[in-house]
Protein chains: 2
Amino acid sequence: MSILPSGKLALNDSAVNRVGSMLKSDDHKPKICDSPVIFTHDAPTMDENNIPKNTASNRRPTLSQVAAAAGVSEITASRAMRGGGLVAKATADRVQAAARELNYVPNRLAGTLAGGASRQVGVILPSLSNSVFADVLKGLEDRLEEAGYQPVLGISNYDPTREERLIENLLSWRPAGIVIAPADMTAASRALLLRAGLPVVEIMDVDATPTDMAVGISHLSAGRAMAHYLVGRGYERFAYLGHSIDSDLRALARLEGFRGALGEVGRELAQCLTLAGPSSVNLGREGLARLLAEAEQPPDLVYFSNDDMAVGGMFHCMAAGISVPGDLALAGFNGLEIGQALPVPLTTTASNRAAIGTEAARQLLQRFKGGMPEKISDVGFRLIPGQTA
Amino acid sequence: MSILPSGKLALNDSAVNRVGSMLKSDDHKPKICDSPVIFTHDAPTMDENNIPKNTASNRRPTLSQVAAAAGVSEITASRAMRGGGLVAKATADRVQAAARELNYVPNRLAGTLAGGASRQVGVILPSLSNSVFADVLKGLEDRLEEAGYQPVLGISNYDPTREERLIENLLSWRPAGIVIAPADMTAASRALLLRAGLPVVEIMDVDATPTDMAVGISHLSAGRAMAHYLVGRGYERFAYLGHSIDSDLRALARLEGFRGALGEVGRELAQCLTLAGPSSVNLGREGLARLLAEAEQPPDLVYFSNDDMAVGGMFHCMAAGISVPGDLALAGFNGLEIGQALPVPLTTTASNRAAIGTEAARQLLQRFKGGMPEKISDVGFRLIPGQTA
DNA sequence: TTGAAAGCGCTAACAG
DNA sequence: CTGTTAGCGCTTTCAA
């Protein structure tokens, strides 16, 4: 961690200049235009849906122009641009120079249509509202980008119908593969994926048998593990506080694992409250207040559907003067940074989100190369003891 | 908020069944396969980069097959599928029925290549690590999806070189437009966008003159506004705590606005500490400890580079028994939910992130329809008084 | 309201 | 190592 002398901000010259020009604002205009192509805005011609067509005015240099400039055939230019050493070094250099000269940007639509590999990967996530899926996506994008693939994104909002439509839309781009964190796939959704005949990775969850491949953890086991841990710590009156669980099957699986494991050791879930709406810190905060108000006999531990909810619960305790874990113990799920940064670090389960993303990418890339990786990859979870339970 | 009786979890039957089958696991196998196409895995033939080619075995029904099945020409089928009423209702119905029958999924690569509108939008963000860009992306994706567009994503990690490479990669898919939250665009990046001749929305920041369009807020003004507010509240010894600011130009602009406004009213920034690495709750927590330890004379207010950092600062205060705002006042930036859910809600600036996403989509969609929206759209910020300063 | 012809920009397959 | 030929699946003309 580089720390700078107080009262002074270390900036390199260019940073200072940038701020300078921000203040003066107008000389920030881009002056870079070494190409003869001008950025024009004639109203474009429209198709029947009032969408502009690809008119000739939008046209960019093509491979055949590059080839002509380099004095080779189109296919040689194609090979030179793609690398692979099928072309004499001198020729390849000439082609690449010509391409640079003309500001050539390959058209992958054409390349893919003509039989090249796609290099797009469809990604469907149920939400971006908590950092969980953002973390997964980050890991995924990172590995894909590194391998030259681009994610094409869709958010299902936990809506099976929207999920189905997204799958169809993404498939229309003929991606090389699909990564999906299923909300609750319809039969039609599964059929679409199956018929597409491309690698599909279902992420987050390994409890169900996947269509093709799965990467994630067992949420059922995660719930069970937490129950065993907490029983071992001596808690007796257990409560659960969750968000709209009917659309979040993974949270539901954790709950069922938790409840089931309690049952096996002769305990029960004394109180179980689920609130409508997506999980959030506020929902956890307000929900805990409500749960405690409604309790006939107060619980000594509350298991939350995730860390967002649990952090909210913790904030309620702070505000209400409830000592944690003295008066009430709390446990979450995910192992988010925020939970561990709390003055009293949260007892929770680390869900290895980034690993899910990178592992999904690995599976996919391996399949793209013709490999046949394991069908199910369990990245595992880790119980974080913390200090709230 | 629907709250269920305690001790009992409301589940619809299907949810119960789903969990049931999770527990039994194996009968979860998909049984849906009403198509004759079998999901096979012959090792595919490879191209020179060892990437599977689009072999005939992967082939899906084409428009011409649909046309044949419906007894019309290809172009009529094309028009029928795209709607627009250029085809007799009866014909269109016949075509659509045939398409459904054959499980036809249009090939948009071919459609776009042939001159149809693209319906992909390139999106480049610097990070997904804090929820800020996830919020923007969510708003953006939502509107785009609704209008039939798909975002193609790239994450630059605040790296100008990677940003440049991403722009080129995305352009190779010939998207209908680009949305970019610039890290620090190189001359080459700007030139690429300019030459592409397509709608480009630069988001987050409206301080600089955009290449094409800009949607965001003035971070300079946001910093200034906070300074004025805090001076008005009577604070006198100001400190700043930030993350690696040389790569986050917007945080830098806020700092400069803050510092500048202090200067104008005869105050100064007594202490200014920037830490390497991306912003995080822990960085804020540890950073504040460090800042206070290093201070010759303790500040009475700390302005953080954003809410993540400020929440971390708050946690440090809680853990160290520093009363907020009594002993020390804190202010952040972004207006994240977590800051407002704190036992003492954070003084901060709401940055309207979802609005930035939806507004960027609106601008883009309007341009796609041939409109010429304003070049700069300032969605504005709002100072949230909170109770920490 | 429908169709025929032509071609988008690229790559595979086969030749030399 | 390089080139020729023939499409990929769709949409745009232009014509009926």
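Convention: sequence-line order gives letters A, B, ...; per-chain numbering from 1. Quick note: numbers below take in every heavy atom, side chains included, and nothing from hydrogens, waters or symmetry partners. Please read all numbers here as calculations on a predicted model, not as lab measurements.
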Close N/O contacts between protein and nucleotides 3-7 of chain C (under 3.5 Å):
unit_1 : atom_1 : unit_2  : atom_2 : d
C:dG3  : OP2    : B:Ser73 : N      : 3.1
C:dG3  : OP2    : B:Ser73 : OG     : 3.0
C:dG3  : OP2    : B:Thr76 : OG1    : 2.6
C:dG3  : N7     : B:Arg79 : NH2    : 2.7
C:dG3  : O6     : B:Arg79 : NH2    : 3.2

Residue A:Thr62, side-chain heavy atoms: nucleotide from D:dT11, C:dG9, C:dT11 that is nearest:
C:dG9
[X]: salt bridge (Lys or Arg N to Asp or Glu O under 4.0 Å) partners, not counting sequence neighbours:
X	value
A:Glu359	A:Arg362
B:Arg94	none
B:Asp93	B:Lys89
A:Arg174	none

Rounding to an integer number of Å, can you tell me how far B:Arg174 CZ sits from D:dT11 C1'?
17 Å
Upstream residue (5' side of DNA chain C) when B:Ala88 and B:Ala110 are each assigned their closest nucleotide:
B:Ala88
Using the test side chain to side chain contact (heavy atoms under 4.5 Å, CB included), find all partners of A:Ser172 that sit at least two apart in sequence or belong to another chain.
B:Val105, B:Arg108
B:Ile155 backbone acceptor or donor facing A:Glu141 side chain under 3.5 Å
yes
Would you say B:Ser78 places a side-chain N or O within less than 4.0 Å of OP1 or OP2 belonging to D:dC10?
no
If you compare every side-chain N and O of A:Arg82 against the phosphate oxygens of C:dA12 (OP1, OP2), does one of them come in below 4.0 Å?
yes
Residue closer to the 5' end of DNA chain D, A:Thr91 versus B:Tyr104 (nearest nucleotide)
A:Thr91
